[in-house]
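Residue numbers start from 1 in every chain, and the chains themselves are labelled A, B, ... in the order their sequence lines are given, proteins ahead of strands.
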There are 2 protein chains.
Amino acid sequence: MPVNSFEHYPMSWKPDKATLKRPFYQSLALYLERDIVNGFLAPGTKLPPQRELADFLDLNFTTITRAYKVCEVKGLIYAVTGSGTFVAPNAARSITISAEKQANLIELGFVESFEETNTLIKDSIQRVSEKKYVEQLLTYNDPTGIPHQKTAALNWMEPFGIHADQEHVAIVSGAQNALAVTLASLFEPGNRIATDLYTYSNFIELAKILHIQLIPIVGDEYGMLPDDLEKQCSQLNIHGIFLMPSCSNPTTVMIPDFRKRELAEVIRKYRLILIEDDIYAFLTAGVIEDYRQPMYQLLPEQSVYICGTSKSICSGLRVAYMVFGDALREKILKGIFNINVKTSSFDAEVITELILSGKAHQIVSQKIQLAKTTNELYFDYFPIKKNHEHPLSFFRWLPIEKEIDAQALEADLQRHGVRVFHSVRFLSGQSRPEKYLRIALASTNSLQELEIGLTKLKKYLDN
Amino acid sequence: MPVNSFEHYPMSWKPDKATLKRPFYQSLALYLERDIVNGFLAPGTKLPPQRELADFLDLNFTTITRAYKVCEVKGLIYAVTGSGTFVAPNAARSITISAEKQANLIELGFVESFEETNTLIKDSIQRVSEKKYVEQLLTYNDPTGIPHQKTAALNWMEPFGIHADQEHVAIVSGAQNALAVTLASLFEPGNRIATDLYTYSNFIELAKILHIQLIPIVGDEYGMLPDDLEKQCSQLNIHGIFLMPSCSNPTTVMIPDFRKRELAEVIRKYRLILIEDDIYAFLTAGVIEDYRQPMYQLLPEQSVYICGTSKSICSGLRVAYMVFGDALREKILKGIFNINVKTSSFDAEVITELILSGKAHQIVSQKIQLAKTTNELYFDYFPIKKNHEHPLSFFRWLPIEKEIDAQALEADLQRHGVRVFHSVRFLSGQSRPEKYLRIALASTNSLQELEIGLTKLKKYLDN
DNA sequence: AGATTTGTTCTTAAACATTTT
DNA sequence: TAAAATGTTTAAGAACAAATC
């Protein structure tokens with residue numbers, strides 16, 4: 001029997017002891033999940049400490065540990081040694097982002113890629129469809145890409161600072177697919193990956209699906225802090241790190257070279273697998289003056305470099321290039337075979353044709369121009385510029401003051417005809433006091449529509 | 001200290017107690033893995049029982065349980081209550097199958113799809129590339145397929161006995177990709193899925209990557225035995241079942257309707273998620289006389305029906321249709337967004353065009369004709385016919401007598417210029433006494449090449 | 001700076017379940 | 001059919017580690 005009565009102690013959660021069935025840890029985890037999903041326990045709520053709940057329920061406290069663990073693995077709660085256990089910010093809510101076009105809704109949420117440039121692609125598709133060797137594109141052969149396609153891929157990435165050979169590049173079905181292949185091939189459930197505090201929400205969701213734990217690392221204006229990374233690595237067994245150095249999603253931070261080198265040192269020391277998502281390389285390398293190199297070149301043996309063509313060339317043809325160290329090669333290829341079998345050689349060929357014909361560069365130029373225009377427009381409305389934010393980002397990270405719950409804010413704005421995403425969607429760990437909105441600039445049908453959207457947004461936020 | 005000396009007991013594995021470090025279970029698991037990978041412990045070897053090893057190492061036996069568990073999860077060993085723990089048949093060897101074309105090697109291993117029919121596809125690609133709405137195929141829109149593509153999909157599957165609506169069908173990037181989405185979305189690491197004793201090896205590998213445990217169920221000439229399924233369900237917490245009822249890979253078994261109903265009853269009773277891979281529907285529905293219906297129609301609410309077009313229409317355009325119950329919908333869509341974002345609408349459109357124009361049916365007719373011819377040829381060489389084997393299968397399941405290790409046999413035949421796969425690659429669980437080869441009939445460049453391959457194979461086996 | 005709070009990990013113990021003999 | 005062999009699952013205990021106050 002418990003020694004104390006807890007009637008007078010405030011415990012945020014008091015599961016009904018009488019209805020608890022064996023096995024206790026499962027029963028308890030189920031109750032906890034139910035109360036979180038029902039909304040009885042709101043995000044951020046501090047749960048009773050393990051020992052206190054154990055005392056209350058008259059169980060050994062490691063049984064509570066186990067029950068809490070079940071819910072932590074499901075992403076419902078998170079624990080901080082010394083502070084306690086808390087309901088996760090996105091518990092019981094999917095933050096998966098996808099294109100869900102709705103009439104009369106201005107899309108500033110999902111980040112597209114100025115789809116108006118797609119007019120340039122039709123020709124290339126036709127040209128490929130008329131090639132003599134089309135039939136060779138229609139078999140199971142060359143599951144990681146046809147040699148000449150890989151050569152074009154390497155040419156494409158060369159100005160981004162990537163140097164690799166045919167054996168260490170593979171074509172997959174878009175950058176998200178590359179991430180799925182990477183996580184499934186190189187990590188196991190329970191492994192930990194370091195990420196920025198705010199990171200790409202579909203990466204968070206993917207990690208959740210595969211039961212990989214994200215460890216949020218503090219950053220400053222130059223990106224992730226090497227000291228905090230070092231600290232976390234020294235006290236936790238961390239297996240990998242996810243970064244978007246040339247333009248982080250959602251913060252738009254561009255990591256300067258000195259910081260890349262500092263981070264690389266820690267990554268090398270702890271032998272982390274670096275996952276570098278360089279989907280915005282085309283906006284940075286050769287465009288931003290002091291840009292040096294991708295982190296892949298600092299750590300080629302322990303890195304996976306992912307270069308999607310959805311943002312730079314065409315979003316509908318699902319193609320991304322993966323470049324990887326030799327030690328990772330076998331596992332990645334196996335992952336590709338088991339998740340994709342292969343990527344459509346036809347799609348890859350169209351991208352190849354676009355690259356070889358120079359059309360891809362033309363498209364990139366147009367997109368950069370559009371990025372300039374839309375960013376200027378944005379800064380007319382929200383003239384807050386910070387150091388080391390990418391000036392040409394396809395989206396912006398807008399600090400907001402409004403004291404309103406994230407879901408309510410998104411819903412409010414949706415009623416006003418604008419879709420945006422609140423910063424809680426991008427939280428890799430615990431709640432934060434600062435709030436932001438991610439504003440996509442590359443997803444409206446026209447500049448006019450974007451302007452209307454920004455006007456509505458500003459009006460709403462100023463109220 | 002241990003009570004007994006084990007000098008006189010035969011223990012197949014004696015880890016060095018002195019070098020064992022804390023944590024013991026990890027250290028022990030590492031040693032075990034090393035000794036299996038090195039080949040010191042051969043597949044099939046019985047490991048010391050937990051209690052015996054514990055006694056030898058002077059540890060509590062549940063510490064051994066934990067160490068063994070680590071290796072079991074990695075697929076290195078498997079445990080059978082009452083019998084002991086054994087080194088897995090495919091421990092430390094990848095059984096992933098992919099197209100790896102080599103000159104001078106006749107492909108009877110990897111199953112392709114009579115790629116000579118691809119000549120019929122070029123026209124459709126051109127026609128699609130000339131459509132007015134091509135640009136609409138190049139965006140992020142309609143991530144699960146454009147409505148008219150889904151309509152065509154449902155039309156395509158209608159003769160197979162599938163009735164569903166737009167909301168419960170999605171287009172993904174091939175059948176293997178559909179399986180990846182299904183497993184990642186609907187199952188968690190540690191979950192169990194029932195399969196045939198011999199099953200599709202890339203399904204085995206995929207399950208391994210995602211840490212889903214396969215529970216092999218015994219079968220007879222009609223396919224999986226409902227009694228054994230019932231038995232396993234009653235004593236293990238099984239979450240799903242994987243079946244290829246219209247033509248099982250690799251056994252070619254076609255499950256008759258009565259058996260489907262018996263199995264469906266058990267599946268319903270234990271609320272398993274049924275994963276029905278119906279990639280060979282086109283060889284069966286409307287072709288085989290007494291074919292009735294897919295199992296999906298018996299259990300629509302708890303099933304995922306997967307209909308790939310790689311075998312029936314074109315292997316290079318990566319398209320498969322998924323049909324699912326409403327209860328599974330949300331999770332599957334989330335899985336699609338996080339693993340694929342979307343499938344190329346262009347590829348899906350070409351398949352749609354092929355279906356709507358009737359060309360797809362023409363291709364299917366050709367493939368069926370080729371299947372007839374090649375199967376006749378096969379039976380000339382190996383005239384062993386069993387009941388309920390699919391007469392038109394793209395591969396055959398050849399029982400062999402030869403007393404030779406699987407890898408050696410494959411290597412031997414490769415030296416003779418023929419690539420085949422040994423039955424151990426398809427084992428979902430423990431080793432079996434019977435041996436088979438899976439002989440692909442749809443992968444050679446010509447009938448002549450197939451004939452040469454079969455001749456070589458027969459000659460080798462008769463020796 | 002040290003005690004306290006809180007979460008983590010490993011090992012052991014006991015009860016259980018299944019298969020084999 | 002019952003006993004023995006063998007693996008499984010849950011719970012508890014102990015030592016540890018980090019963060020907070």
- Query: Is there a side-chain polar atom (N or O) of B/Y25 under 4.0 Å from OP1 or OP2 of C/dT11?
  - Reply: no

- Query: By a strict heavy-atom criterion of less than 4.0 Å, which residues belonging to residues 64-74 of chain A are in contact with DNA chain C?
  - Reply: A/T65

- Note on the structure: For B/Y200, the ring-ring contact (aromatic ring centres under 6.0 Å, His included) test, sequence neighbours excluded, returns none

- Message: Below 4.0 angstrom, which residues in residues 84-91 of chain A have at least one non-hydrogen atom near DNA chain D?
- Response: none

- Message: Checking A/D405 now: which residues fulfil side-chain contact (heavy atoms from CB on, under 4.5 Å) with it, not counting sequence neighbours?
- Response: A/Q407, A/A408

- Note on the structure: For A/F242, the ring-ring contact (aromatic ring centres under 6.0 Å, His included) test, sequence neighbours excluded, returns A/F203

- Using the heavy-atom set of chain B and a strict 4.0 Å cut-off, write down the first and last nucleotide of DNA chain D that makes it in, 5' to 3'. D/dT6 to D/dT9

- Message: I want to check one thing: is the phosphate of C/dA13, taken as OP1 and OP2, less than 4.0 Å away from some side-chain N or O of B/N60?
- Response: yes

- Query: With sequence neighbours left out, what residues match B/E403 under side-chain contact (heavy atoms from CB on, under 4.5 Å)?
  - Reply: none

- Query: For residues 73-82 of chain B, which residue pairs qualify under side-chain hydrogen bond (donor to acceptor under 3.5 Å, both in side chains), counting only residues two or more places apart or in two chains?
  - Reply: B/E33-B/K74

- Calculate, to the nearest 0.5 Å, the distance between atoms CG and CD1 belonging to A/L427 and A/I95 respectively. 8.5 Å

Contacts under 3.5 angstrom, residues 211-225 of chain B side chains, donor-acceptor by atom type, not counting sequence neighbours:
from	atom 1	to	atom 2	distance (Å)
B/D220	OD1	B/Y222	N	2.8
B/D220	OD1	B/G223	N	3.4
B/D220	OD1	B/R259	NH1	2.9
B/D220	OD2	B/R259	NH2	3.0
B/E221	OE1	B/N387	ND2	3.4

- How many Å lie between CZ on B/F61 and C1' on C/dT11, as a whole number? 12 Å

- Task: Compute whether any side-chain donor of one residue and acceptor of the other, for A/T45 and A/S12, lie under 3.5 angstrom apart.
- Result: no

- Message: Tell me every residue that passes side-chain hydrogen bond (donor to acceptor under 3.5 Å, both in side chains) with A/K269, counting only those two or more places apart in sequence or in another chain.
- Response: A/E230

- Message: For nucleotides 16-21 of chain C, give me one character per nucleotide, 5' to 3': B if any protein heavy atom sits under 4.0 Å from the base, S if the only such contacts are to the sugar-phosphate, - if neither.
- Response: -BBBS-

Using residues 34-44 of chain B as the side-chain source, report each donor-acceptor pair under 3.5 Å to any protein atom, sequence neighbours left out, with the distance given to one decimal.
from	atom 1	to	atom 2	distance (Å)
B/D35	OD2	B/W13	NE1	2.7
B/N38	ND2	B/R34	O	3.3

- Does any nucleotide pair with C/dT11 by Watson-Crick or G-U wobble geometry, both distances under 3.5 Å, and what is it? D/dA12

- Task: Name the nucleic acid region contacted by A/T63, choosing base, sugar-phosphate or nothing; use a 4.0 angstrom heavy-atom cut-off, strictly under.
- Result: sugar-phosphate

- Query: Please walk me through it: do A/L28 and A/T63 pass side-chain contact (heavy atoms from CB on, under 4.5 Å)?
  - Reply: CA-CA 9 Å; A/L28 197 57; A/T63 304; 6.0 Å; no

- Message: Let me spell it out: for each of B/Q50 and A/F24, pick the nucleotide of DNA chain D with the closest heavy atom. Which residue's pick is nearer the 5' end?
- Response: B/Q50

- Item | Check: B/Y198 ring centroid to B/Y436 ring centroid under 6.0 Å | yes

- Query: Are B/R268 and B/E265 ion-paired here, with the side-chain N under 4.0 Å from a carboxylate O?
  - Reply: no

